[in-house]
Amino acid sequence: MVWSRVPHLSGMVENDSHKSRKTVVTGASGMVGSHLVCHLLKNGYEHVTAVVRSEKSLVKLKKTMIKEGVAALESLLDIKVIPFVYLEPMKELLSGFDLFFNCAADLSFDGGVGSITLNRDLAFASAQAVLECNVPLTVHVSSIATLSANDVPKLTNEENYMETLSTSSSYGAGKFWAESEFWRIKEAGANVVVINPSVILCDDEWHNSALPYYVKMVRKGVPSVKNGTTGYISVHDTVTAMELLSRTPSAVGERFIVSADNLSLDEMWKIVSKAIGRTNTPAIMPDFMLDTLYNILKIVEKTGLNFILKSSHVEPMRHRRIYDGSKLVKYCPEFKYTPIEDAVIGMLNYISKA
């Protein structure tokens, strides 16, 4: 690791010098990026630049700032509107910055080759700019979708490298190629930290947050399944972990699974039911019905027909996968995961009052 590039960061854990780092956040209108901007402002960061792709997307960032109680600090924030698909705008952006949080991505779960290419191109421009501008530290947000997951009882940890993309969704493949760009510049000498969050839960109507969708399904009485086990993390824990890792020198060059709890879809249904005050036990779809639905969707998709529900939505429900998020706590002992049940209750209380 090469912390000597930023001499004022020495001893950063013991004092507040990290707050003076010139910090840039891309994807600042997204779920993770907007909450990260708020977290940095709350924690006294003095030089934060938030990058969005369009003036229209600023609405999401400002909405999050109001919700998180930092709207009054907007004057401290430097907001830039940059499409940033290309290398030169990214080089111009990153020149002179100490810390780069890369939260930008195309988050279409069924975007096909176009989504994969866009994620790769976004990541190439950002990663190459980091390398050419000699940015001292980059924290890249990836996903557990880039890992080769084990079915229970085996835990999936940071050593589960993806060996084939043949069974990955376009979302997983796009995230994989994007992450690979940052490992590439790491090998070339850049200081990089990669986080692999599990399913991120948020309290707003973000299209890439599962919680509002779960609430709708529970209220409609849609059956759950006993499988579909995966890891969950709140958006607030996610951004807290990112900021802590950015001032942990030993984290440089490492990846971290960020995951609080492993829950089956049935367990999540029950947590949501309790949080919204439903007393009846959610119904459970038998495994054979889920398998039949999956096989029918696969056959239909081969004909070229397109439905809202796709086989890629159903496929994860057929697996039981558990993720090990303990490495983060070993590197950042001050970090504590929020139990998912507590996080869900807090989020749903906000939604009910909004």
Open item on the list: Run T156 and I144 through side-chain contact (heavy atoms from CB on, under 4.5 Å) and show every step you take.
Closed with: CA-CA 9 Å; T156 297; I144 55 170; over 6 Å; no
Check [X] against [Y] and note the closest heavy-atom contact, atom names and distance.
X	Y	value
C103	V25	SG-CG1, 4.2 Å
A50	L61	CB-CD2, 4.1 Å
K154	I322	O-CG1, 3.7 Å
V215	L348	CG2-CD2, 3.5 Å
N157	L147	O-CD1, 4.2 Å
L40	T23	CD1-CG2, 4.0 Å

Can you check whether [X] reaches [Y] side chain to side chain, under 4.5 Å on heavy atoms?
X	Y	answer
F100	N102	yes
V52	K60	no
V59	K62	no
I257	K327	no
V135	T138	yes
E254	V194	no
V141	P197	yes
I82	L93	yes

Can you confirm whether the side chains of [X] and [Y] place a donor and an acceptor under 3.5 Å from each other?
X	Y	result
S264	D266	no
E46	S20	no
Y161	E163	no
N160	S148	no
W177	E181	no

Could you give the distance from [atom1] ([X]) to [atom2] ([Y]), rounded to the nearest 0.5 Å?
X	Y	atom1	atom2	result
L245	F101	CG	CZ	9.0 Å
S180	R184	OG	CZ	10.0 Å
F182	K186	CZ	NZ	14.5 Å
S142	I195	OG	CD1	8.5 Å
M347	I340	CE	CD1	7.0 Å
I79	T49	CD1	OG1	10.0 Å

Same cluster or not: are [X] and [Y] linked, directly or through other Ile, Leu, Val, Met, Phe, Trp or Tyr residues, by side-chain heavy atoms under 4.5 angstrom apart?
X	Y	answer
L263	M217	yes
V344	I276	yes
Y232	V152	no
I66	L41	no
M317	I299	no

Does [Y] offer a backbone N or O that forms a donor-acceptor pair with the side chain of [X] under 3.5 Å?
X	Y	value
Y214	L265	no
S143	N196	no
R219	K216	no
S95	K91	no
T248	A251	no
T229	R320	no
N191	V252	no
N262	Y323	yes

- [ ] For the pair L293 and R318, evaluate side-chain contact (heavy atoms from CB on, under 4.5 Å) and give the outcome as yes or no after the intermediate values.
- [x] CA-CA 11 Å; L293 175 62; R318 304 165 72 223; over 6 Å; no
- [ ] Over 60° means perpendicular and under 30° means parallel, so classify the ring planes of H35 and H236, tilted if in between.
- [x]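 It falls in the perpendicular class, over 60°.
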Open item on the list: Exactly one of D151, N150, N227 should register a side-chain hydrogen bond (donor to acceptor under 3.5 Å, both in side chains) with R321. Which one does?
Closed with: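 Testing each of D151, N150, N227 against R321, the sole residue satisfying side-chain hydrogen bond (donor to acceptor under 3.5 Å, both in side chains) is D151.
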Open item on the list: Exactly one of K22, K19, R21, H39 should register a side-chain hydrogen bond (donor to acceptor under 3.5 Å, both in side chains) with Y45. Which one does?
Closed with: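 Only one of K22, K19, R21, H39 forms a side-chain hydrogen bond (donor to acceptor under 3.5 Å, both in side chains) with Y45, namely R21.
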- [ ] I would like to know whether K226 and E267 meet salt bridge (charged side-chain N to carboxylate O under 4.0 Å, His left out); could you show each step before the answer?
- [x] CA-CA 8 Å; K226 280 197 172 292; E267 290 171 323; over 6 Å; no
- [ ] Starting from the C-alpha separation in whole Å, work towards a yes-or-no answer on side-chain contact (heavy atoms from CB on, under 4.5 Å) for L122 and R53.
- [x] CA-CA 12 Å; L122 283 168; R53 297 188 198 182; 3.4 Å; yes
Open item on the list: What I want to find out is whether K67 reaches D203 closely enough, with some N-O distance under 4.0 Å, to be called a salt bridge.
Closed with: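 Judged by the 4.0 Å cut-off on N to carboxylate O distance, K67 and D203 do form a salt bridge.
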Open item on the list: Between K175 and E179 (salt bridge meaning N to carboxylate O under 4.0 Å), is one present in this structure?
Closed with: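 Not counted as a salt bridge, because no side-chain N and carboxylate O are separated by less than 4.0 Å.
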Task: Worked verdict on M242 versus V32 for side-chain contact (heavy atoms from CB on, under 4.5 Å) - done: CA-CA 10 Å; M242 292 168 65; V32 173; 3.9 Å; yes
